[in-house]
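Working notes, structure below.
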Amino acid sequence: MPQFPLAFPLLLWFLQGGFSCLHCDRRFLDSVATVLKEILPEDLSGRDTLIERQIKALADLHGTFLQNNYERVLDVRGVASLKSDIINQLREIKKKPWKGVFLWQLSMYHFRVSLRAQMKKTLERFADLACSEDCTVTEGPILDCWTCLRIAVQCFDGELCGVEDERLAEHKEINLYVFLVCESVLISSAVLVYLVCFKHKKKMLQKALAR
């Protein structure tokens with residue numbers, strides 16, 4: 001019974017199709033579009049295009065700026081909290097007097113910058129929990145925001161925790177070593193060719209002067 005108040009909102013969110021990351025949840029993006037339609041005047045030129053661009057910019061936040069392995073997974077409560085904050089922040093923007101499309105676009109840009117920082121902190125906080133040695137079971141499923149799928153595992157290690165695979169690290173070291181060797185050979189060859197050409201040119205010049 002003590003877990004019921006927490007489980008009920010999660011179940012309700014699942015029934016509403018909320019078990020997915022921001023860009024994976026079409027219903028959530030439609031809700032954002034609805035709020036944006038309430039903000040922009042109906043007679044604004046290119047209104048629908050502006051809304052589509054803002055939705056795309058919001059949907060692209062994760063794939064564009066959050067590309068570290070430990071930034072790909074998040075629990076459903078973290079996602080639900082982000083979605084709620086986004087809607088609330090947009091409604092705060094809606095309350096402000098309309099001062100033109102350019103100032104509105106500027107406010108949306110600042111909103112996305114702030115949201116990106118918030119998402120990064122939320123993902124890092126969850127990664128610290130899910131990758132800790134005393135990882136505890138989290139409430140609800142874990143979401144993979146790169147594939148838009150749910151994950152059964154709730155505690156992680158390896159690349160998802162920022163730990164590089166040993167074979168991959170060794171492969172990178174070998175590639176770096178080969179690159180440095182090749183670079184050294186090329187530089188040495190270039191210097192050798194220069195010296196040979198310089199000596200040859202010097203000899204030819206000496207012969208010409210001797211004549």
Side-chain angles (χ1 to χ4, degrees), residues 9-10 12-14 16-131 138-151 156 159-162:
L10 291 175
L12 180 60
W13 191 264
F14 173 76
Q16 293 176 342
F19 264 5
S20 53
C21 298
L22 307 184
H23 56 287
C24 307
D25 189 349
R26 187 65 251 176
R27 182 172 296 183
F28 167 72
L29 294 178
D30 288 342
S31 298
V32 173
T34 299
V35 178
L36 295 182
K37 288 179 181 178
E38 295 173 357
I39 297 175
L40 296 179
E42 293 185 3
D43 58 350
L44 181 66
S45 177
R47 180 170 176 261
D48 292 339
T49 302
L50 285 170
I51 293 175
E52 289 176 4
R53 287 176 180 172
Q54 294 299 327
I55 295 297
K56 186 178 186 307
L58 178 63
D60 288 345
L61 273 180
H62 205 130
T64 303
F65 298 103
L66 304 170
Q67 298 181 347
N68 293 313
N69 284 318
Y70 63 86
E71 295 172 333
R72 71 181 289 177
V73 292
L74 185 60
D75 64 335
V76 67
R77 288 192 298 180
V79 171
S81 177
L82 283 173
K83 291 177 179 178
S84 177
D85 287 345
I86 288 172
I87 296 298
N88 289 335
Q89 290 181 54
L90 289 176
R91 294 199 181 281
E92 287 300 317
I93 294 176
K94 177 186 174 184
K95 293 178 182 179
K96 297 178 181 179
W98 176 255
K99 296 183 179 180
V101 67
F102 295 111
L103 288 179
W104 174 76
Q105 287 179 312
L106 181 61
S107 67
M108 290 298 296
Y109 169 76
H110 290 309
F111 159 71
R112 290 195 304 275
V113 171
S114 174
L115 175 60
R116 187 173 72 197
Q118 181 183 356
M119 290 173 65
K120 188 174 182 66
K121 287 182 180 178
T122 301
L123 290 162
E124 289 177 348
R125 187 163 53 245
F126 175 74
D128 289 341
L129 170 65
C131 295
T138 55
E139 293 285 348
I142 307 303
L143 307 175
D144 184 348
C145 295
W146 287 8
T147 63
C148 295
L149 298 175
R150 282 182 284 174
I151 304 175
F156 302 94
E159 290 186 9
L160 283 177
C161 296

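Counting from 1, the numbers follow the sequence of the chain as shown. Since this is a predicted model, take the numbers as computed values, not measurements.
Within the model, atoms CG of Leu74 and CZ of Arg125 stand 9.5 Å from one another, a figure rounded to the nearest 0.5 Å. Atom CZ of Arg77 and atom CG of Leu82 lie 13.5 Å apart (nearest 0.5 Å). The CH2 atom of Trp146 sits 10.0 Å away from atom CG of Leu66, with the distance rounded to the nearest 0.5 Å. Residue Thr122 holds its OG1 atom at 9.5 Å from CG of Asp75, rounded to the nearest 0.5 Å.
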In residues 107-116, what donor-acceptor pairs under 3.5 Å come from side-chain atoms, sequence neighbours left out?
residue, atom, partner, partner atom, Å
Ser107, OG, Trp104, O, 2.6
Arg112, NH1, Gln54, OE1, 2.7

In residues 31-41, what donor-acceptor pairs under 3.5 Å come from side-chain atoms, sequence neighbours left out?
residue, atom, partner, partner atom, Å
Ser31, OG, Arg27, O, 3.1
Thr34, OG1, Asp30, O, 3.0
Glu38, OE1, Lys94, NZ, 2.9

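Between Cys145 and His23, some side-chain heavy-atom pair lies under the 4.5 Å cut-off. Side-chain contact between Gln105 and Leu50 is present, with heavy atoms from C-beta onward closer than 4.5 Å. Looking only at side-chain heavy atoms (C-beta outward), Ile86 and Leu22 come within less than 4.5 Å of each other. Side-chain contact check for Leu123 versus Asn68: every heavy-atom pair is 4.5 Å or farther apart.
Applying the side chain to side chain donor-acceptor pair (under 3.5 Å) test to Lys95 and every residue at least two apart in sequence or in another chain returns Glu92. With sequence neighbours excluded, the residues satisfying side chain to side chain contact (heavy atoms under 4.5 Å, CB included) with Asp85 are Ser81, Gln89, Gln118. Every residue meeting the side chain to side chain contact (heavy atoms under 4.5 Å, CB included) condition with Ala130, not counting sequence neighbours, appears here in chain and number order: Phe126, Phe156. In this structure, the salt bridge (charged side-chain N to carboxylate O under 4.0 Å, His left out) partners of Asp60, at least two apart in sequence or on a different chain, are Lys56.
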> Would Lys83 and Val79 count as a side chain to side chain contact (heavy atoms under 4.5 Å, CB included) if you check the C-alpha gap in whole Å, the side-chain angles of each, and the deciding distance to 0.1 Å?
Replying inline: CA-CA 6 Å; Lys83 291 177 179 178; Val79 171; 3.5 Å; yes
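Applying the salt bridge (charged side-chain N to carboxylate O under 4.0 Å, His left out) rule to pairs touching residues 65-74 yields Glu71-Lys120, Arg72-Asp144, sequence neighbours excluded. Pairs engaging residues 22-109 under the disulfide (SG to SG under 2.5 Å) rule: Cys24-Cys148 [sequence neighbours left out].
Within a 6.0 Å sphere centred on CZ of Arg53, other residues, nucleotides and ligands contribute 12 heavy atoms or fewer.
Nearest heavy-atom pair, Cys21 versus Leu143, reported as atom, atom and distance to 0.1 Å: SG-CB, 3.9 Å.
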